[in-house]
Amino acid sequence: QVQLVESGGGLVQAGGSLRLSCHASEGTFSSYTMGWFRQAPGKEREFVAVIRWSDDNTYYANSVKGRFTISRDKAKGTVTLQMSSLKPEDTAVYYCAAAQVGRIWTRDVDYDYWGQGTQVTVSS
């Protein structure tokens with residue numbers, strides 16, 4: 001059973017930056033895909049970014065492209081979401097997710113494991 005633990009959320013002013021990290025309990029992710037999703041109050045969970053563990057292939061939601069960067073550290077078993085130029089509409093609970101099949105997934109139903117989420121609040 002894979003366990004994912006997010007960290008790094010908090011309160012930041014618009015235009016600022018935050019760095020989210022997700023640590024996975026299982027060390028070997030050679031065939032996994034890791035994604036970030038977010039859910040704002042009253043809204044459905046939405047895709048943010050994804051990275052394929054095997055080749056670092058990435059894909060982003062249009063709303064965050066150019067502002068967010070997803071990366072991973074194989075040795076540490078972590079995936080990071082660097083968020084810059086944050087906007088109030090980025091306010092949400094951010095979730096890390098892992099998919100056992102290593103494709104570029106953007107739907108939450110394609111992911112097998114989820115973290116507990118970390119709150120990101122961007123003030124205007």
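Residue numbers run from 1 in the order of the sequence given.
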Pairs satisfying salt bridge (Lys or Arg N to Asp or Glu O under 4.0 Å), at least one member in residues 57-71, at least two apart: Arg67-Asp90

Residue pairs fulfilling disulfide (SG to SG under 2.5 Å) with at least one residue in residues 51-80, sequence neighbours excluded: none

Pairs where residues 109-124 contributes a residue and the test salt bridge (Lys or Arg N to Asp or Glu O under 4.0 Å) is met, not counting sequence neighbours: Arg107-Asp110

Under the side-chain contact (heavy atoms from CB on, under 4.5 Å) test, residues paired with Glu89 that sit two or more places apart: Lys87

Listed once per pair and sorted, the salt bridge (Lys or Arg N to Asp or Glu O under 4.0 Å) pairs that draw on residues 4-16, sequence neighbours left out: none

Any residue meeting side-chain contact (heavy atoms from CB on, under 4.5 Å) with Ser71, in chain and number order, not counting sequence neighbours: Thr80

Over 12 foreign heavy atoms within 6.0 Å of OH, Tyr113: yes

Which residues share a ring pair (Phe, Tyr, Trp, His ring centres under 6.0 Å) with Phe37, sequence neighbours left out: Phe47, Tyr111, Trp114

Residues forming a side-chain contact (heavy atoms from CB on, under 4.5 Å) with Val12, sequence neighbours excluded: Leu18, Leu86, Val122

Sequence neighbours excluded - disulfide (SG to SG under 2.5 Å) pairs with any residue from residues 46-94: none

With Gln119 via side-chain contact (heavy atoms from CB on, under 4.5 Å) - residues at least two apart: Thr91, Val93, Thr121

Within residues 68-124 or reaching into it, pairs that qualify as disulfide (SG to SG under 2.5 Å) - sequence neighbours excluded: Cys22-Cys96

